[in-house]
Amino acid sequence: MEGKRERRSSQIELLRKIKEFTRGLVDDLRNGRSPVILIYRFRSYCTDFNSKCYCGSDLPCGKEVLTLCSESHVRRLDVMLRVLLIIRQLLQENKHSSKRDIYYMHPSVFLDQSAVDRALNDICVLMECSRHNLNVVSAGKGLVMGWIRFFEGERIFDCISSPNKAYPVPVHVEEVRVVEKESVFQRLANDQFCNASRCIVLTGRGYPDVPTRRFLRLLVDQLHIPAFCLVDCDPYGFDILTTYRFGSMQMAYDTKYLRVPELRWLGAFPSDAEKFYVPKHCLLSLTAEDKRRIEAMRLRCYLKSEVPEWRLELELMLQKGVKFEIEAFSARTLSFLSETYLPSKIQDELKVMHLIAESDRGKKSTLFVLEGRIPWEHCRLV
């Protein structure tokens, strides 16, 4: 974890890079040369099964060449330089800003939030840094609960004292210090699951934002505990799962800091529908868009090289032509999810990981990432 001195040193180095970059552009223009800017491109996956790829690594998969000869390039450079000036000011004043704040500084120039997002990605690649190094942060929508106590700067998050409270995931993850790691599962659907299983619960409430992904990575790195992911059995749930484990294509340049390769898929699997007797009225037919997304996802390289069993589940979903949400397990009884489904899946996974032979199970905590229609309304948001 970076201390204040290390972070300030990083800021100074970044300011130096920004100065060198802008000075190079000015020198080119002063000497009558058209600036040429190379932006390397990275990817978290490809669809080429026949060759060795470097997806998810530090190696670029190609590059873009930006010049003043193209009108679209000129606009892109204009946006990037305006954003770069804002970032320089943030670093100089040691302040933070959101992407949305930056957009509203020049809305008539940026026109759309996506232009700012693209500029931030380009700047990260050019400066060889992560987005949080730019002092640009997300608002954060993730929640965490369980018996964990941690600091974000000087602020303490004491989940242990009230394990049924949902706390917001910290935005400044680099300032987080975990001081307690024993964790207890908060009630799901008003049951007493927490009395039987020790765990930390984390949710991004849909597609995970950067703070949630960074916080998950920090917990896994610092606590060295098993991490499982529970998502809806549909293409969107699977996409969320792979975003946590392998990273997103949009931020592929930062994949090594955001992905969690230790994350295991707990469910819901297409094969779970029959195994756990999901009622037929809870099974929804795949739409044409669902089928298109599955066909595209099943071609991703990591499904062949790292988790071929996941690809089989995707193909089974396509073969059966149905999908279902996590809450379908509660159609039989409200406590089925926490009293039957989760314990069964956890035991199976722990057996595979050779972690079940401990007499004192309280010495090993577990981390869950839950995405779907989980009853968070039963939790109190702090």
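- In this view, E128 and K17 satisfy the side chain to side chain contact (heavy atoms under 4.5 Å, CB included) rule, not counting sequence neighbours.
- In this structure the side chain of F246 reaches within 4.5 angstrom of the side chain of V307, judged on heavy atoms.
- Cluster membership for L15 and L25, using ILVMFWY side-chain heavy atoms within less than 4.5 angstrom, is shared.
- Here the straight-line distance linking atom CG of L126 with atom SG of C129 works out to 9.5 Å at 0.5 Å rounding.
- In the displayed structure, R33 atom CZ is contacted under 6.0 Å by more than 12 heavy atoms of other residues, nucleotides or ligands.
- For V26, the side chain to side chain contact (heavy atoms under 4.5 Å, CB included) partners at least two apart in sequence or on another chain are R30.
- Side-chain atoms of D232 come within 3.5 Å of backbone N or O of I326 as a donor-acceptor pair.
- Residue G142 comes nearest to D209 through the heavy atom pair N-OD2, 4.1 Å, listed as atom of the first residue, atom of the second, then distance.
- Taken together through direct or relayed side-chain contacts under 4.5 Å among Ile, Leu, Val, Met, Phe, Trp and Tyr, L111 and V116 form parts of separate hydrophobic clusters.
- The side-chain heavy atoms of K99 and V137, taken from C-beta on, include no pair separated by under 4.5 Å.
- Counting all heavy atoms, side chain and backbone alike, T242 lies closest to D239 at OG1-O, 3.0 Å.
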### Query
Going through the checks in order, is the side-chain contact (heavy atoms from CB on, under 4.5 Å) test met by R245 and Y302?
CA-CA 10 Å; R245 174 153 176 173; Y302 50 64; over 6 Å; no
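- More than 12 non-hydrogen atoms from other residues, nucleotides or ligands lie less than 6.0 angstrom from CD of E289.
- Residues meeting the side chain to side chain contact (heavy atoms under 4.5 Å, CB included) test with D112, sequence neighbours left out: S114.
- Note that OG1 of T22 is 8.5 Å distant from CG of L81, once rounded to the nearest 0.5 Å.
- Within the 4.5 Å cutoff, the side chain of R213 has no heavy atoms near those of the R259 side chain.
- The minimum heavy-atom distance linking L66 with L77 is given by the pair CD1-CD2, 4.0 Å.
- Every residue two or more places apart in sequence or in another chain that forms a side chain to side chain contact (heavy atoms under 4.5 Å, CB included) with L316 is listed here: P270, S271, E313, Q319, K320.
- Remark: T212 OG1 to L258 CG distance equals 11.0 Å, nearest 0.5 Å.
- Taking the ring axis of W310 as reference, the NZ or CZ atom of R298 does not stay both within 45° of it and closer than 6.0 Å to the ring centre.
- Note on L84: it does not cluster hydrophobically with I12, by side-chain heavy-atom contacts below 4.5 Å among ILVMFWY residues.
- For the pair R293 and Y236, the distance from NZ or CZ to the six-membered ring centre is under 6.0 Å and the angle to the ring normal is within 45 degrees.
- With contacts defined as side-chain heavy-atom distances shorter than 4.5 Å, the pair I37/R76 does not qualify.
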#### Entry: L284/V322 under side-chain contact (heavy atoms from CB on, under 4.5 Å): CA gap, chis, key distance, verdict
CA-CA 5 Å; L284 307 175; V322 295; over 6 Å; no
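- The two residues I240 and V231 come nearest to each other via the heavy atoms CG2-CG1, 4.3 Å.
- Other residues, nucleotides and ligands contribute only 12 or fewer heavy atoms inside 6.0 Å of the OH atom of Y257.
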### Query
So F276 and K345, side-chain contact (heavy atoms from CB on, under 4.5 Å) or not? Walk me through it.
CA-CA 11 Å; F276 293 94; K345 302 289 284 190; 4.1 Å; yes
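- Counting only distance, with no hydrogens or angles, the side chain of S305 and the backbone of C301 share a donor-acceptor pair below 3.5 Å.
- Counting heavy atoms from C-beta on, the side chains of C233 and K323 never come closer than 4.5 Å.
- By the neighbour-count criterion of 12 heavy atoms within 6.0 Å, atom CD of E309 is densely surrounded, having more than that number from other residues, nucleotides or ligands.
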### Evaluation steps, side-chain contact (heavy atoms from CB on, under 4.5 Å), between L241 and C229
CA-CA 7 Å; L241 167 71; C229 188; 3.7 Å; yes
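- Shown here for L230 and A268, the closest heavy-atom pair between the two residues is CD1-N, 3.8 Å.
- Atom CZ of F269 sits about 10.5 Å away from atom CE of M317, to the nearest 0.5 Å.
- Atom CD1 of I86 and atom CG of D101 lie 10.0 Å apart (nearest 0.5 Å).
- Hydrophobic clustering (side-chain heavy atoms under 4.5 Å, transitive across Ile, Leu, Val, Met, Phe, Trp, Tyr) groups L68 together with M80.
- Residues N135 and Q11 form a side-chain contact, since some pair of their non-hydrogen atoms from C-beta on lies under 4.5 Å apart.
- When the side chain to side chain donor-acceptor pair (under 3.5 Å) test is applied to R100, the partners found at least two apart in sequence or on another chain are Y104, Q113.
- Ring-centre distance between F324 and F329: below the 6.0 Å cut-off.
- The two residues V278 and C282 come nearest to each other via the heavy atoms CG1-CB, 3.9 Å.
- Using a 4.5 Å cut-off on side-chain heavy atoms (C-beta onward), Y253 and S130 make no contact.
- Between R82 and F110, the closest side-chain pair of non-hydrogen atoms falls below 4.5 Å.
- The side-chain hydrogen bond (donor to acceptor under 3.5 Å, both in side chains) analysis of residues 278-287, with sequence neighbours excluded, yields the pairs T287-D290.
- Rounding to the nearest 0.5 angstrom, the gap separating the CD1 atom in I294 from the CG atom in D234 is 8.5 Å.
- L85 is not connected to I102 by any chain of hydrophobic side-chain contacts under 4.5 Å among Ile, Leu, Val, Met, Phe, Trp and Tyr, and they are in different clusters.
- Using modelled atom types, no side-chain atom of H106 and backbone atom of Y103 make a donor-acceptor pair closer than 3.5 Å.
- Side-chain rings of F238 and W265 approach one another, their centers coming within less than 6.0 Å.
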